[in-house]
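These notes are about the structure you will find just below.
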Number of protein chains: 2
Amino acid sequence: MTAPGYAGARLPGRPRSAAADAAIIEAALRLIEEGATIGELSIERIAREAGVGKATVYRRWSGKEALMIDVMRSLEEPNPRPAGASVRDDLVTLLELMRRRGLAKRNSALLRTVVTQMHANQELWRAYDAHVIAARREMLYEVLRRGMARGEIRGDLDLELLADLFTGPMLSRVILHEWKALPEGLAETIVDTVLEGVRPRP
Amino acid sequence: MTAPGYAGARLPGRPRSAAADAAIIEAALRLIEEGATIGELSIERIAREAGVGKATVYRRWSGKEALMIDVMRSLEEPNPRPAGASVRDDLVTLLELMRRRGLAKRNSALLRTVVTQMHANQELWRAYDAHVIAARREMLYEVLRRGMARGEIRGDLDLELLADLFTGPMLSRVILHEWKALPEGLAETIVDTVLEGVRPRP
DNA sequence: GCGTTCCGAGACGGCCCCGTCTCGTATTGG
DNA sequence: CCAATACGAGACGGGGCCGTCTCGGAACGC
């Protein structure tokens, strides 16, 4: 967490209210959930919705962008190390995580909205990409490399392409197709089908 | 084209300037190209950039949303009927079209911005989806159905899933990965790899 | 030439937002 | 109790945009 500005030492005076932190982020999430565009959000509106003074927001964040980054972070679940038995199962685990993220009660409309609108703002997107996406992508690469080493995946394919082949179809659904189906066995189906195509030729 | 409001008969008075039409749409494109968020665009700003009175815009479009739909449409190239010899070649043709759209001088940063930000506005997105995407998707479905009928694709797979398997990886790159590579043979590589996975088992 | 509609420019009142600042009050350490 | 900082509320000047309306002038059909 970013835990706005507790500068090590012990500051005198009334400490900042953790409840206010939560109320602000919660309010932003609620508004987005209700269909607000990021562009339609304003510090003023968020503060109103949170039942908080504007100054209380500005005391913690420098502006909308900084706040949004923390809003995004509040949605993150810890990344489970896949480290399963087979490469196939690891891939299913990773894709299944994507699927569940796309389904989770708030994340559904919400993560989609935030993510899609985010890389409107190049800056916001780059920050989110660096902080959140990069780690997950590296995890996927590692699994794929292991698959190549074990001979479960052809060695002549670009790693990046390979990653897109697996994640692209799932992303396509999570992000683009509104509330369309993310059915139960989707991760398995995608992995098994794509894996069939990238298996070493006999 | 939407060709704003020429009501069949012959109206008296000075006719609307086609140049103004073009200048307005061009200005919107230019602003987006320069990195503006759709949320940051305003009729006022677009009119200023176009060297046009606000009334001239409002005379043609009811508001930002209506204008944006026409802006999107201005980017569309006609859809080529694939109707190639093999299903494989048709798929390559369709994906290659996506790739080229992602590369085209303006479309590059632009189509990405518009598309991604668009389904912030549910309404905008639905309109775009109905007018533009639907036709392309139906074309893809047709090719896939033909592939099944000819025995080039397994018949037990969901058509929608199949479509995502092919288009997802390409979309992933076009939309999500900033200016990242859309190399020459990408369409072929994706099609050939995925096709390998969905071929009927021997 | 006349009526009509368009044009660019911009004034207009109303709205929302920005980021700062000032209230009166609450909560901490010393 | 005191100094320091926090809190909710909201005033403040400044800015941009909305959608309408009014200019004086331009371009049509008749």
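Numbers restart at 1 for each chain; the letters A, B, ... are given by sequence-line order, proteins then strands.
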Polar-atom pairs under 3.5 Å, protein N or O versus N or O of nucleotides 23-25 of chain C: list them with distances, or write none.
none

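Between B:E138 and B:R145, at least one side-chain N (NZ, or NE/NH1/NH2) sits under 4.0 Å from a carboxylate O, which counts as a salt bridge. The pair B:D21-B:R16 fails the salt-bridge criterion, with no side-chain N (NZ, NE, NH1 or NH2) lying under 4.0 Å from an Asp/Glu carboxylate O. Salt bridge status for A:R30 with A:E49: present, with a side-chain N to carboxylate O gap under 4.0 Å. With respect to B:R199 and B:E152, no salt bridge is recorded, no charged nitrogen being found less than 4.0 Å from a carboxylate O.
For B:R16, counting side-chain heavy atoms from C-beta on, the closest listed nucleotide (D:dC18, C:dC18, C:dC6) is C:dC6. The side chain of B:S42 lies closest to D:dC18, out of C:dC17, C:dT28, D:dC18.
A:R59 has its CZ atom 6 Å from the C1' atom of D:dA6, to the nearest Å. One interatomic measurement links the two molecules: CG of A:L67 to P of C:dG19, which rounds to 12 Å at whole-angstrom precision. We find that CD1 of B:I43 is positioned 20 Å from P of C:dC15, with the value rounded to whole Å. What separates CD of A:E40 from P of D:dC18 is a distance of 13 Å, to the nearest Å. Look at OH on A:Y58: it is 16 Å from C1' on D:dG8, rounded to the nearest Å.
In this structure, the side-chain contact (heavy atoms from CB on, under 4.5 Å) partners of A:D192, at least two apart in sequence or on a different chain, are A:R88, A:E188.
Proximity of residues 46-56 of chain A to DNA chain D (heavy atom under 4.0 angstrom from any strand atom) is restricted to A:G51, A:V52, A:G53, A:T56.
Judged by distance alone, the side chain of B:T37 and the main-chain N or O of B:G39 form no donor-acceptor pair under 3.5 Å. Panel note: side chain A:K64, backbone A:I38; a donor-acceptor pair is recorded below 3.5 Å.
Comparing B:E44 and B:A20 by the nucleotide of DNA chain C that holds the closest heavy atom to each, the one mapping nearer the 5' end is B:A20.
Residues B:L94 and B:V143 come closest through the heavy atom pair CD1-CG2, 4.2 Å.
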